[in-house]
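The next block holds one structure in the form of structure tokens; read it before the comments.
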Amino acid sequence: GERELINLFIQQDLDKRPIYRFFARHIPKVVKGRVLHIGRDEEFRAAIMVGSMPKAASIKHIELAGAHRTILVAGNRAGVINYALKSGIAAIIITGIDSEERAAEIKADFSSYSGWVYLSALDSAETIRRLILASPVRNIMNENAAVIAKDDYIDKARELILNSRQRLLPVVDQDRLLLGIVTRSNILTRFRNSLILVDHNEASQAVDGVETAEVVEIVDHHRLGAVKTETPVAYYSKPVGSTCTLVYELYQAAKITPTLKAAKLLMGGIISDTIMLKSPTAAIADRAALEELAALIKVDWQEVGKAIFAATDNLSARSSKEIITADFKIYDQYGVNFGIGQAEAVTLADLEDVLPLLSEELEKQREKHGLNWAMLLITDIILEESVLLCTPFERGERLFSYRSLSPRLFHLPGVLSRKKQLLPEILRILEDASRGF
């Protein structure tokens with residue numbers, strides 16, 4: 001950055017001679033000239049000293065600086081050069097040597113010298129200016145500089161810049177490969193990600209950071225509890241069984257035919273969300289979209305549906321965390337924060353075996369999200385019924401209309417939909433509880 005470059009040319013401590021790192025074979029690439037004598041070390045650190053003073057003064061300054069840490073830049077001055085050779089100086093650059101005739105005038109024995117000797121066709125001042133530029137970038141790099149990843153939030157970048165002397169932040173990947181730079185001016189400019197909410201419209205169900213993002217569109221089929229927006233947004237919502245139906249309708253509105261891959265994903269989503277149109281949430285629009293997508297793909301959607309649900313694992317084949325978090329939605333109503341997960345299975349025969357682990361994981365999720373109440377709706381897609389597992393919440397549980405199978409486990413015959421069947425019941429009992437019923 002600018003600070004490091006300034007420190008390269010203007011040292012903060014003016015009483016100390018700056019030390020530079022040099023790669024010996026890089027110097028003649030920057031300083032116009034050539035190598036006269038090859039030294040032992042390919043890389044060395046040294047200060048720069050000009051041998052323009054009388055011999056005695058030059059020798060004194062070499063001794064004070066430390067010969068092994070000094071590059072001597074001088075004209076063809078035999079006395080100073082011979083002393084430098086004997087003192088073991090890091091390197092010598094003899095300036096003003098712009099021809100072979102001038103090079104032949106140098107009277108010095110380099111045979112036992114272990115450092116480098118260069119001939120420069122330039123004067124001493126220009127040689128020094130270029131010599132500083134021969135120092136590699138690594139010489140001024142701050143290897144301990146703060147960095148951020150491309151997925152970090154702007155707020156983190158702002159905090160790092162404001163709490164440090166850095167004027168910019170490198171953006172790096174996991175191997176610390178530079179991807180870009182964030183500057184102070186970037187931080188001062190208000191930047192907001194554009195976000196489209198799909199299959200939800202409530203802030204509690206959105207990705208982290210939704211509060212600072214610009215919501216530009218919502219495509220959803222759930223109840224309205226929409227995030228607040230600063231400007232009008234496109235909002236496409238219908239009471240259908242699957243948001244995939246709405247996405248397909250947006251394809252149609254735009255007169256775009258989905259690719260086969262997209263069509264397969266949309267068809268699979270509708271089949272899964274509506275449980276092959278058996279769910280009470282399934283609408284005429286879902287059937288129409290499903291049949292049109294199947295025709296586009298040239299498959300029988302019922303056969304595809306059977307294959308999808310035949311592949312559904314039993315509860316014991318999945319981890320309790322996977323079962324609960326795969327489809328977990330959070331709500332805030334009547335002063336109660338609650339979450340409802342939903343899992344589907346082809347049989348609930350193994351429920352008793354996994355119930356302790358599910359109860360334990362459900363409590364963990366409740367604590368993680370800071371909820372008052374957490375629930376898991378487990379649906380048997382063959383028998384078309386569900387059971388509901390809950391964390392303790394007495395004032396809600398006592399108002400349930402469902403039959404209790406055991407503490408905090410309820411039987412929900414005919415219930416397949418969290419959105420259309422379970423959620424309204426939860427909202428009813430929370431409203432009654434808030435009124436003291």
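Between L277 and W301 there is a side-chain heavy-atom pair separated by less than 4.5 Å. Side chains of Y248 and L290 form no contact here, defined as non-hydrogen atoms less than 4.5 Å apart. In this structure, the side chains of H222 and Q205 stay at 4.5 Å or more apart for every pair of heavy atoms. Side-chain contact between F393 and N372 is present, with heavy atoms from C-beta onward closer than 4.5 Å. At a threshold of 4.5 Å between non-hydrogen side-chain atoms, the residues I378 and L358 count as touching.
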**Request:** Give the C-alpha distance, both sets of side-chain angles, the deciding distance and a yes or no for salt bridge (charged side-chain N to carboxylate O under 4.0 Å, His left out) between E431 and R428.
**Result:** CA-CA 5 Å; E431 182 180 14; R428 178 193 66 78; over 6 Å; no
**Message:** Applying side chain to side chain contact (heavy atoms under 4.5 Å, CB included) to V219 and T243, what does each step give before you reach the verdict?
**Reply:** CA-CA 7 Å; V219 181; T243 303; 4.0 Å; yes
**Request:** Carefully, step by step, assess H37 and L85 under the rule side chain to side chain contact (heavy atoms under 4.5 Å, CB included).
**Result:** CA-CA 12 Å; H37 177 75; L85 291 172; over 6 Å; no
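For R318 against A345, the heavy-atom pair with the smallest separation is NH2-CB, 4.1 Å. Of all non-hydrogen atoms in A374 and R366, the two that sit nearest each other are CB-CB, 3.8 Å. Closest approach of L72 to I89, counting heavy atoms only: CB-CD1, 3.6 Å. Of all non-hydrogen atoms in I429 and I426, the two that sit nearest each other are CG1-O, 3.2 Å. Heavy-atom minimum distance, A84 versus I92: CB-CD1, 4.0 Å. Of all heavy-atom pairs between P424 and R418, the closest is CD-O, 4.3 Å.
Residues D220 and S237 bring no donor and acceptor atom of their side chains to less than 3.5 Å of each other. A donor atom on one side chain and an acceptor atom on the other are found under 3.5 Å apart for S120 and T127. A donor-acceptor contact under 3.5 angstrom links the side chains of H221 and K419, judged on distance only. Side-chain atoms of Y402 and E425 form no donor-acceptor pair, as typed in the model, at a separation below 3.5 Å. Side-chain contact, Q365 with T325: no donor N or O sits under 3.5 Å from an acceptor N or O. At a cut-off of 3.5 Å, with distance as the only test, a side-chain donor of T95 or S124 sits close to an acceptor on the other residue.
In E352, the CD atom is not crowded: 12 or fewer heavy atoms of neighbouring residues, nucleotides or ligands sit closer than 6.0 Å. Heavy-atom contacts from other residues, nucleotides or ligands closer than 6.0 Å to CG of L383 number more than 12.
Between F338 and Y331, the ring planes lie parallel to each other; the angle is under 30°, not in the 30° to 60° tilted range. Using bins of under 30°, 30° to 60° and over 60° for the plane-to-plane angle, the ring pair F400/W373 lands in the tilted bin. Ring orientation note: the planes of Y113 and F110 are tilted relative to one another, at an angle of 30° to 60°.
Using a cutoff of 4.0 Å between basic side-chain nitrogens and carboxylate oxygens, K306 and E303 are scored as salt-bridged.
In terms of modelled atom types and a separation under 3.5 Å, the side chain of Q421 and the main chain of L416 share a donor-acceptor contact.
We find the CD1-CG distance between I324 and L362 to be 4.5 Å, quoted to the nearest 0.5 Å.
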